[in-house]
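Working notes, beginning with the structure itself.
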Amino acid sequence: MKGLHGKCAIVTGGATMIGEAVAADLIEHGARVVIADINAEDGRRIAAKLGPAALFQPTDITDDTQVAACVAAAVERFGGVDCLVNCACSYVDNGVLSSRAEWLQSYNVNLVGAAIMLQACRPEMIKRGGGAIVNFSSISAAAAQAGRWLYPISKAAMVQFTRNAALDLGPEGIRVNAVSPGWTWSSVISALSGNDKAKADRVAADYHILGRLGLPGEVAQVVSFLLSDHASFVTGAEYACDGGYGAL
C-alpha cells in the first residue's frame, strides 16, 4: 500500500480482534504500529506475535496522562507519529434505562477519548508534514436499533467529529476519515455467539447483502487504504465496510 512504508501508526483498541487485524495489515505494508489498549495481557501477546515493528503501550484513552505517554512512546520507539486509528470502543448500553454515568462512560471512550488522542498526535503529525487519521464509526450510526442508545448515538457523533476534524486539520496536511463496519467477526460477537462463527454468520445473513459477517482483515484493508497515499484526495468521508447492510 503506497505511502505506509516506514510510517508510525497508533492503533487504540489494538488488543481487540479488529485492532489486531488493523495493526497486522499496516505492518504488512511496512508501517510500525503502537498497540494502545487497556488489555495488557492481549496487547503484549499481539505485539510479540507481530514482531519488532509492533510496540504495546498500556493506554486508557480516558486518562490524559496515559494518552500523552502513548504518543511519547511512539516518538521514542519509532521517531514520530504519522497515522492514528481510533478503534477503542465501549459497548456499555442500557437503552432508555442508561444512567448518566453510563452515558458519560460511553462518550468518554467512543468520542472524547478519540478526540483527545487526535489532539495529542496532531503536533507530531505536523512535525512530519502531515498525517492521516481513521476513526471507527459503525453502521449503527445511521440506523435506529431497539434497546440501544449509547453506542449508536456516540458512533453518529463520531461521524460528525470526523467531518469537523477534517475541515480544521486539512490545511495542516492531516486527512481525517471514518470507517463504518457492518457486523464483523470481533471480540464482542465472538463472545455473544459462544465463539460460533457459523451461527453468527447465519444470524447476520438477512441483514447483509453478502449474506455473512465481515472479517477483521476486510475492515483492516479499508483502514490501510484510507491511511495510505492511495486515498490522498479523501478526507471527511465515512467509508462503509458493511457487506451491503446500509443499502438494504
Side-chain angles (χ1 to χ4, degrees), residues 1-14 16 18-36 46-47 50-55 57 70-71 73-88 114-115 117-138 158-182 184 214-242:
M1 195 74 71
K2 184 180 177 184
L4 290 176
H5 188 81
K7 297 290 181 68
C8 172
I10 294 175
V11 179
T12 73
T16 63
I18 294 177
E20 177 182 356
V22 169
D25 199 67
L26 289 171
I27 288 172
E28 184 179 338
H29 292 297
R32 286 83 59 82
V33 177
V34 176
I35 297 166
I46 291 166
L50 294 178
L55 168 70
Q57 177 66 27
C70 179
V71 174
V75 172
E76 180 180 359
R77 174 72 174 267
F78 298 126
V81 178
D82 303 282
C83 304
L84 168 64
V85 180
N86 279 314
C87 184
M117 182 62 79
L118 180 154
Q119 189 179 79
C121 289
R122 176 177 166 243
E124 298 303 326
M125 290 182 177
I126 291 172
K127 290 177 187 176
R128 310 273 270 195
I133 297 164
V134 173
N135 297 319
F136 265 72
S137 182
S138 168
M158 182 68 99
V159 176
Q160 187 60 30
F161 163 56
T162 298
R163 296 187 188 110
N164 284 35
L167 177 62
D168 283 346
L169 274 57
E172 299 169 349
I174 299 172
R175 297 184 298 103
V176 188
N177 292 291
V179 62
S180 291
T184 305
L215 298 175
E218 292 176 312
V219 177
Q221 290 172 43
V222 176
V223 173
S224 292
F225 162 71
L226 290 171
L227 294 175
S228 77
D229 288 352
H230 292 290
S232 57
F233 199 56
V234 180
T235 196
E238 178 193 2
Y239 262 62
C241 181
D242 66 0

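All values below come from the heavy atoms of this structure, side chains included, with hydrogens, waters and symmetry mates left out.
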With a 4.5 Å limit on heavy-atom distance, are the side chains of C83 and I10 in contact? no

In terms of heavy-atom contacts, L26 and A9 come closest through CD1-CB, 3.9 Å

Only one of V223, N177, V234 passes side chain to side chain contact (heavy atoms under 4.5 Å, CB included) with Y239, and that residue is V234

- Message: Tell me if a side-chain donor or acceptor on S224 pairs with a main-chain N or O of V222 at a distance below 3.5 Å.
- Response: no

Quick check: does any side chain N or O of K127 sit under 3.5 Å from a backbone N or O of P123, one acting as donor and the other as acceptor?
no

CG of N135 to CG of L118, rounded to nearest 0.5 Å, is 7.0 Å

Evaluate the side chain to side chain contact (heavy atoms under 4.5 Å, CB included) criterion for residues F78 and V34: first the C-alpha distance (whole Å), next the side-chain angles of each, then the deciding distance (0.1 Å), finally the verdict. CA-CA 9 Å; F78 298 126; V34 176; 4.0 Å; yes

Any sub-3.5 Å donor-acceptor pair from T235's side-chain atoms to V176's backbone N or O?
yes

* Asked: Can you find a heavy atom in the side chain of E238 that is under 4.5 Å from one in the side chain of T162?
  -> no

| query | With a 3.5 Å cut-off and no angle check, do the side chains of Q160 and R163 form a donor-acceptor pair? | reply | yes

dist L215:CG -> Q221:CD (nearest 0.5 Å) comes out at 9.5 Å

Tightest non-hydrogen contact, residues A54 and I27, listed as CB-CD1, 3.9 Å

Rounded to the nearest 0.5 Å, the NE2 atom of H29 sits from the NZ atom of K7 at a distance of 13.5 Å

Heavy-atom side-chain proximity of K2 to S228 below 4.5 angstrom:
no

Next item on the list: Look only at the side chain of T184 and the backbone of P181, and say whether a donor-acceptor pair between them is shorter than 3.5 Å.
Entry: no

Using modelled atom types only, decide if a donor and an acceptor are shared between the side chain of R175 and the backbone of A231 within a distance under 3.5 Å.
yes

**Message:** Could you check whether any side-chain heavy atom of R122 comes within less than 4.5 Å of a side-chain heavy atom of I174, counting everything from C-beta outward?
**Reply:** yes

I'd like to know if the side chain of R32 reaches the main chain of G6, judged simply by a donor and an acceptor atom lying under 3.5 Å from each other, with no hydrogens or angles considered.
yes

key: Heavy-atom check, side chain of I18 versus side chain of F136, under 4.5 Å   = yes

All heavy atoms of D82 vs all of M125, minimum pair found to be O-CE, 3.7 Å

Is the shortest side-chain heavy-atom distance between I35 and Q57 below 4.5 Å? no

One should read off an interatomic distance between D25 CG and E28 CD, to the nearest 0.5 angstrom, of 5.5 Å

Could you check whether any side-chain N or O of E124 sits under 3.5 Å from a backbone N or O of C121, counting only pairs where one atom can act as donor and the other as acceptor? no

H5, NE2 atom: more than 12 neighbouring heavy atoms under 6.0 Å
no

Would a 4.5 Å heavy-atom cut-off, applied to side chains only, mark E20 and V11 as touching? no

inquiry  = Counting C-beta onward and ignoring hydrogens, is there a side-chain heavy-atom pair between L55 and V33 closer than 4.5 Å?
reply    = no

I would like to know whether C70 and M117 meet side chain to side chain contact (heavy atoms under 4.5 Å, CB included); could you show each step before the answer?
-> CA-CA 9 Å; C70 179; M117 182 62 79; 4.3 Å; yes

Looking only at heavy atoms, the pair that brings A24 and L50 closest together is CB-CD2, 3.8 Å

Checklist entry - Yes or no on side chain to side chain contact (heavy atoms under 4.5 Å, CB included) for V134 and N86, after CA distance, side-chain angles and deciding distance? => result CA-CA 6 Å; V134 173; N86 279 314; over 6 Å; no

Could you check whether any side-chain N or O of S138 sits under 3.5 Å from a backbone N or O of S180, counting only pairs where one atom can act as donor and the other as acceptor? no

Closest heavy-atom pair, A178 versus S137, reported as atoms and distance to 0.1 Å, is CB-CB, 4.5 Å

